[in-house]
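A short worksheet on the structure shown next.
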Amino acid sequence: MKQKVLISACLLGINCRYDQKSKKIQKIVALSDEFDFIPVCPEQLGGLPTPRPSSFFIAGNGSETIKGAKNMINDAGNDVSEAFVNGAEQTLKICKMLNIKTAILKENSPSCGKNWVYLYEKLAQGSGVTASLLMKNGIRIKSENEI
Ligand code: SF4
């Protein structure tokens, strides 16, 4: 039986990004021969529409958002912290339900970024909201750059 791996849906070619496009990476898609991929888009799971304004941190990163910080806004200037936390919680629920212990997540995303996220318009070290919550709950994460 193949190992279940949660994966950012945009990496598989699903058009779930804010601009309704994907970030398909063929070498990751090819890994579906080895792994049983469970695709998710935490931002959609959090109730955000597609397309949607892009979002970014105005302070810190996702490890603070999951503790209640209101530190994320979108291009329209609206606080989106709650939607991002909702999406992270739904994603964790899927991991627990399916006993998933490993995830491949899209770097630089305010949800899925493992090592880098946007603080305003600049990349800064830190993790996205979903990546932070999954790591806190013992899920092993790799970004697409670490595959
Ligand atoms: Fe891709 Fe994650 Fe952004 Fe959804 S939230 S578009 S899965 S990087």
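In what follows, every heavy atom counts, from backbone to side chain, and hydrogens, waters and symmetry copies are set aside. Predicted, not measured: the structure shown is a model, and the values here were computed from it. Remember, it's 1-based here, ligands and their atoms both numbered in the order they're listed.
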Check: Any link between L31 and V40 through a network of hydrophobic side chains (Ile, Leu, Val, Met, Phe, Trp, Tyr) touching at under 4.5 Å?
Finding: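 Hydrophobic grouping puts L31 apart from V40.
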Item checked: salt bridge (Lys or Arg N to Asp or Glu O under 4.0 Å) partners for E144, two or more places apart -> K106
Next item on the list: Please list, chain by chain and in numerical order, all residues satisfying salt bridge (Lys or Arg N to Asp or Glu O under 4.0 Å) with D75, sequence neighbours excluded.
Entry: none
Checklist line | Residues forming a side chain to side chain contact (heavy atoms under 4.5 Å, CB included) with L119, sequence neighbours excluded | finding: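 Scan of L119 (side chain to side chain contact (heavy atoms under 4.5 Å, CB included), adjacent residues dropped) gives F57, A124.
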Item checked: Metal environment of atom 2 (Fe) of ligand 1, protein N/O/S under 2.8 Å -> C112 SG
Next item on the list: Would you kindly say whether Q125 and N61 are connected by a side-chain donor-acceptor distance under 3.5 Å?
Entry: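 No, no side-chain donor-acceptor contact under 3.5 Å.
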Margin query: Test your reading of the model: is there a side-chain donor-acceptor pair from N78 to the backbone of N74, 3.5 Å cut-off?
Written below: no
